[in-house]
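Reviewing the structure listed below.
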Amino acid sequence: MRTLDVVRAWGCILAGRAPSMSIEITRQCPLSCPGCYAFKADHLGAAGSLSNVREFQGAQLVAGVLSLVDRHRPLHLSFVGGEPLVRWREITRLLPELESRRIHTQIVTSAVRPIPLEWRNIRRLTLAVSIDGLQPEHDRRRDPATYERVLRNIRGHAVTVHCTVTRQMTRRVGYLREFVSFWVKQPEVRKIWMSLYTPQIGESSPEILPLDVRERVINELSALESVSEKLELPAGLLEAYRRPPEVLTLETKAPVFFDARSTACRTAPEFCSSPARTLGWSLPARGSSGRAKYESRLCDSNGRSRGAGS
Ligand code: SF4
């Protein structure tokens, strides 16, 4: 991040605005990943599940996004889903508009379909492609966005690979090194981000890293730092994974996006449900107020999450 960006972000915060915004641009997704939070019953808080809200398309969606952007004037905007590529036509129309407003846009995708080549002309764009481990594990979890398809669909682009480490990737020594080595070699890959599977409160899942495994993974990731400059693992990030804050309280106002809720971005990577490593919080709705409390979630050795309720 450039100094100018930091100054602009602080200017934005001091003016009472959130520098970062995340929009679930569609609820549609051809994948069915285990642990997907997007379709959980309480994903939108009081509004329930993503399936309960209206889906906007075409000109209405483009106009809606731009009106939100012009109202909140974020510096950084993430499109998440569902699968954002389902709305590739609308995003193709939005990107030049966002670029002209000097907004950095991030699209978090499974790369299940070809990424439009004209997106290469957008300077302030990050394409974050989610890859969940080496081919056997990834293909099992993320079919139809298989390795073969992803490699074909990112051709001609510069992408950031984002991997969430789950329990399955920790059973073999050297797995993470192999993963990084594979993606470092791909010419389309500009950066690699790694994060740790973070369960929802009360979640019980074989994907969760028990505390001792989590510690080992963090040590392994520290040792990988020198593998390639493409692997972005700042010391502060590893430290945040090692010692996440126990309880984090944020003052927020009720978040809104059309009749859905935006994805809350929390102030530590430990809390991010998307690869966006941005500082921000839920979108404030004018005239409304509320208080949200987020807490760190670690797991006990049985793979169950623990943490204070909100
Ligand atoms: S790609 Fe994302 S939205 Fe789709 S099923 Fe997987 S986690 Fe859920």
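Hydrophobic cluster membership is shared by Ile107 and Ile192, with clusters built from Ile, Leu, Val, Met, Phe, Trp and Tyr side chains linked at under 4.5 angstrom. Met169 and Leu233 fall within the same hydrophobic cluster, where Ile, Leu, Val, Met, Phe, Trp and Tyr residues are linked whenever their side-chain heavy atoms come under 4.5 Å apart, directly or through other members. Under a hydrophobic clustering in which Ile, Leu, Val, Met, Phe, Trp and Tyr are joined whenever their side-chain heavy atoms come within less than 4.5 Å, directly or via other members, Leu237 and Leu221 fall into the same cluster. Under a hydrophobic clustering in which Ile, Leu, Val, Met, Phe, Trp and Tyr are joined whenever their side-chain heavy atoms come within less than 4.5 Å, directly or via other members, Val180 and Val165 fall into the same cluster. Val112 and Leu127 fall into different hydrophobic clusters, where Ile, Leu, Val, Met, Phe, Trp and Tyr are joined by side-chain heavy atoms under 4.5 Å apart, directly or via other members.
Atoms CG and CZ, from Asp212 and Arg214 in turn, are 11.5 Å apart once rounded to the nearest 0.5 Å. To the nearest 0.5 angstrom, His104 atom NE2 is 13.0 Å from Ile122 atom CD1. Rounding to the nearest 0.5 Å gives a distance of 11.0 Å between CD of Glu24 and CD of Glu55. Atom OG in Ser67 sits 8.0 Å away from atom NE2 in His72 (nearest 0.5 Å). With values rounded to the nearest 0.5 angstrom, Thr109 atom OG1 is found 13.5 Å from Trp88 atom CH2. Distance check, rounded to the nearest 0.5 Å: CG of Leu196 to CD1 of Ile208 gives 12.5 Å.
Side-chain atoms of His162 and Ser195 include a donor-acceptor pair closer than 3.5 Å. Side-chain atoms of Arg167 and Thr170 include a donor-acceptor pair closer than 3.5 Å. With no hydrogens or angles considered, a side-chain donor-acceptor pair links Gln168 and Thr166 at under 3.5 Å.
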Mind running side-chain contact (heavy atoms from CB on, under 4.5 Å) on Leu75 and Ile103 for me, showing each step along the way?
CA-CA 5 Å; Leu75 302 176; Ile103 294 172; over 6 Å; no
Apply the test side-chain contact (heavy atoms from CB on, under 4.5 Å) to residues Gln186 and Lys230: give CA-CA distance (whole Å), side-chain angles for both, the deciding distance (0.1 Å), then the verdict.
CA-CA 11 Å; Gln186 307 307 317; Lys230 288 184 178 179; 5.9 Å; no
Does the pair Tyr241 and Met194 meet the rule for a side-chain contact (heavy atoms from CB on, under 4.5 Å), with working shown?
CA-CA 11 Å; Tyr241 283 143; Met194 306 291 288; over 6 Å; no
Decide yes or no on side-chain contact (heavy atoms from CB on, under 4.5 Å) for Glu207 and Asp132, but give the supporting numbers first.
CA-CA 11 Å; Glu207 314 227 298; Asp132 288 351; over 6 Å; no
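Closest non-hydrogen pair, Ala111 versus Asn153, comes out as O-ND2, 2.9 Å. Across every non-hydrogen atom of Pro30 and Pro144, the tightest pair is O-CD, 3.5 Å. Ala145 and Ser110 make their closest contact through CB-O, 3.6 Å (heavy atoms, listed as atom of the first residue, atom of the second, distance). The shortest non-hydrogen separation linking Ile25 to Arg87 is O-CG, 4.0 Å. Scanning all heavy atoms of the two residues, the minimum distance from Val80 to Ser22 falls at CG2-OG, 3.8 Å. A pairwise comparison of heavy atoms in Val184 and Ser228 identifies CG2-CB, 3.6 Å as the closest pair.
Within the 3.5 Å criterion, the main-chain N or O of Ala128 finds no donor-acceptor partner in the side chain of Thr126. Listed for the Lys191 side chain is no donor-acceptor partner under 3.5 Å among the backbone atoms of Glu232. In this structure a side-chain-to-backbone donor-acceptor pair under 3.5 Å is present from Glu99 to Arg123. Between the side chain of Arg101 and the main chain of Glu97, a donor-acceptor pair closer than 3.5 Å is present.
Between Phe179 and Ile131, some side-chain heavy-atom pair lies under the 4.5 Å cut-off. The shortest distance between side-chain heavy atoms of Glu188 and Ile115 does not fall below 4.5 Å. Residues His43 and Arg27 form no side-chain contact, since every pair of their non-hydrogen atoms from C-beta on lies 4.5 Å or further apart. Between Glu203 and Tyr197 there is a side-chain heavy-atom pair separated by less than 4.5 Å. Residues Arg190 and Val161 have side chains not in contact (no heavy-atom distance under 4.5 Å, counting atoms from C-beta outward). At least one side-chain heavy atom of Glu215 sits under 4.5 Å from a side-chain heavy atom of Arg242. Residues Leu44 and Val53 form a side-chain contact, since some pair of their non-hydrogen atoms from C-beta on lies under 4.5 Å apart. Side-chain contact between Leu31 and Asp143 is absent, with no heavy-atom pair separated by less than 4.5 Å.
For Glu148, the CD atom is loosely surrounded, since the number of other residues' heavy atoms within 6.0 Å does not exceed 12. Remark: Arg172 CZ is packed, more than 12 non-hydrogen atoms of other residues, nucleotides or ligands lying under 6.0 Å away.
Remark: Glu225 pairs with no residue by the side chain to side chain donor-acceptor pair (under 3.5 Å) rule, at least two apart or across chains. Under the salt bridge (Lys or Arg N to Asp or Glu O under 4.0 Å) criterion, Arg216 pairs with Glu220, not counting sequence neighbours.
At a threshold of 4.0 Å, the pair Arg113-Glu83 does not count as salt-bridged, since none of the basic side-chain nitrogens sits closer than that to a carboxylate oxygen. With respect to the salt-bridge test (charged N to carboxylate O, under 4.0 angstrom), the residues Arg171 and Glu137 do not qualify.
Applying the ring-ring contact (aromatic ring centres under 6.0 Å, His included) test to residues at least two apart or on different chains, the pairs with a partner in residues 118-152 are His138-Tyr147, Tyr147-Phe182, Tyr147-Trp183.
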